[in-house]
Amino acid sequence: MHWRHSRAKRLPLRRAGAATFAILLAGSLLGPAQAQADAASCQDVAIPVQLTGLIPQTVHGRLCEPPQGARTVQVLVPGATYNSVYWDPALTPETHSFRLAMNKAGYATLALDRLGTGAGSKPPSALLTAFTEADVVHQVVQAIRHGDVGSQFDKVILGGHSLGSAITVLEAGTYHDVDGVLITGLAHHLNPPGALIVLGSFIPVALDPVMSRLGLDPTYLTTQPGTRYVAFHAPGPDVPEMTAYDEATKDVVAPGELLDAAALTAVLPYTWQITVPVLVVLGGGDGGLCGPLATDCTSSAGLLRSEAPYYSAAARLRTYVLPGYGHSINYAPNAPDYHQAVTQWAGTMGLSQ
């Protein structure tokens, strides 16, 4: 496993059509051996929070614990236009479910729906930024610390993907209440041509033929149908079933969340404020981040050279590049390699016990 270090089970509740499609598709690809391999105990949880300190909201999450219990829980925040399904897709879970891999390795997981997505509250999009979402995640972490969510856990690893990583950085750098940080799909150098492809895929939710019927605030954004492979999976293999599943389970994002995330990569020094171990993971073909004048994704060592200047020695930065895939690495055919890198990192950092 070539990570580098520095010295210093569930379907979305959004819409019946997508759920039906996902059930049928998963049933065709999930064999009996795979179903039997998942011995974790999972439950949906609803966590009360205050948005902007004033407005009562509910965060939905899926808490899964291995049969032997766990001392460490990983709180997982999805990226833009994703929800908690990203961490636990029903499609070939033995390969693609980060949740399942972590439960098998002895960790509990709490995969969250960001406010505005999944089964949680859906406030006006103008109230949502990466900063307000970070404060909400902080409240979730505190609920875990107080024993209000499932079992009592000794340690909390906060992990994110893309926008979820920006929220993770803001939470960890502001509140200092987690024991480790996992950042995936986020780095400090953008590749403008690739980033423009991703940004060009966004449309107001009111223009989506399916999601426009959900009654959401029309200023939320989602992706234009037919764009997800190029935006999030290329240059990985174009598997029609995978792309269709990703389209059927897609969600929304608030414009303010995207603005904050962009500023975080280029301007705000929040990663310098993180004082616990950090692992950064990118797909080697992530077009929005990787390139000769952007982030070096040619190797884990190259990624370390790119990212190390933005972290303090206290972060004990480690990096890992998953070759051959784009932005949404949980859908990569070699995703188990990155899952193994995460468990090895957590064990090395003393986060597993």
Show the nearest heavy-atom pair for residues [X] and [Y], with the distance to one decimal.
X	Y	answer
Asn103	Ala40	OD1-CB, 3.4 Å
Gly350	Lys155	O-NZ, 2.5 Å
Val198	Ser201	O-OG, 2.6 Å
His327	Gly185	CE1-O, 3.1 Å
Ser125	Asp217	N-OD2, 2.9 Å
Val278	Tyr311	CG1-CE2, 3.9 Å

pair [X]-[Y]: side-chain heavy atoms closer than 4.5 Å:
X	Y	value
Leu279	Ile183	no
Val141	Val178	yes
Leu112	Val59	yes
Ser41	Pro67	no
Pro204	Tyr220	no
Phe153	Thr72	no
Trp345	Leu351	yes
Leu190	Leu289	yes

So does [Y] get a backbone contact from the side chain of [X], meaning a donor-acceptor N/O pair under 3.5 Å?
X	Y	result
Thr343	Gln340	yes
Asp337	Ala341	no
Gln139	Gln50	yes
Thr184	Ser165	no
Thr275	Ala314	no
Tyr270	Ala166	no
Trp272	Pro309	yes
Asn191	Gly287	yes
Ser97	Glu94	no

[Y] and [X] side chains, donor-acceptor separation under 3.5 Å:
X	Y	result
His188	Thr295	no
Thr81	Arg228	yes
Gln142	Asp177	yes
Asp286	Tyr325	no
His138	Thr174	no
Asp246	Tyr82	yes
Asn330	His161	no
His233	Asp238	no
His189	Tyr310	yes

Mind checking the [atom1]-[atom2] spacing from [X] to [Y]? Nearest 0.5 Å is all I need.
X	Y	atom1	atom2	value
Thr319	Leu282	OG1	CG	9.0 Å
Asn83	Asp251	CG	CG	4.5 Å
Asp135	Leu51	CG	CG	8.0 Å
Thr222	Ile203	OG1	CD1	6.5 Å

Pair Lys104-Leu100, side-chain contact (heavy atoms from CB on, under 4.5 Å): steps then yes or no: CA-CA 6 Å; Lys104 286 185 173 182; Leu100 177 59; 3.9 Å; yes
Test Asp208 against Gln224 for side-chain contact (heavy atoms from CB on, under 4.5 Å), laying out the working first. CA-CA 7 Å; Asp208 186 87; Gln224 184 175 349; over 6 Å; no
Is there a path from [X] to [Y] through hydrophobic residues (I, L, V, M, F, W, Y) whose side chains come within less than 4.5 Å of each other?
X	Y	answer
Leu258	Leu127	yes
Leu214	Val252	yes
Ile157	Tyr175	no
Val230	Met242	no
Leu221	Leu199	yes

With Leu158, which of Val137, Val73, Leu182 fulfils side-chain contact (heavy atoms from CB on, under 4.5 Å)? Val137
Any ion pair linking [Y] and [X] (charged N to carboxylate O, less than 4.0 Å)?
X	Y	value
Arg318	Glu307	no
Asp38	Arg99	yes
Asp179	Arg145	yes
Arg305	Asp296	yes

With side-chain contact (heavy atoms from CB on, under 4.5 Å) as the test, would you mind laying out the steps for Thr271 and Leu317 before giving the verdict? CA-CA 11 Å; Thr271 49; Leu317 180 65; over 6 Å; no
Passes side-chain hydrogen bond (donor to acceptor under 3.5 Å, both in side chains), Thr129 versus Asp260? Steps please. CA-CA 6 Å; Thr129 68; Asp260 280 359; 3.3 Å; yes
Is the distance from the ring center of Tyr338 to that of Phe98 below 6.0 Å? yes
Test of ring centre spacing under 6.0 Å for Phe232 and Tyr331: no
Between Met102 and Val342, does a side-chain contact (heavy atoms from CB on, under 4.5 Å) hold up when you go through it step by step? CA-CA 9 Å; Met102 295 304 110; Val342 172; 4.0 Å; yes
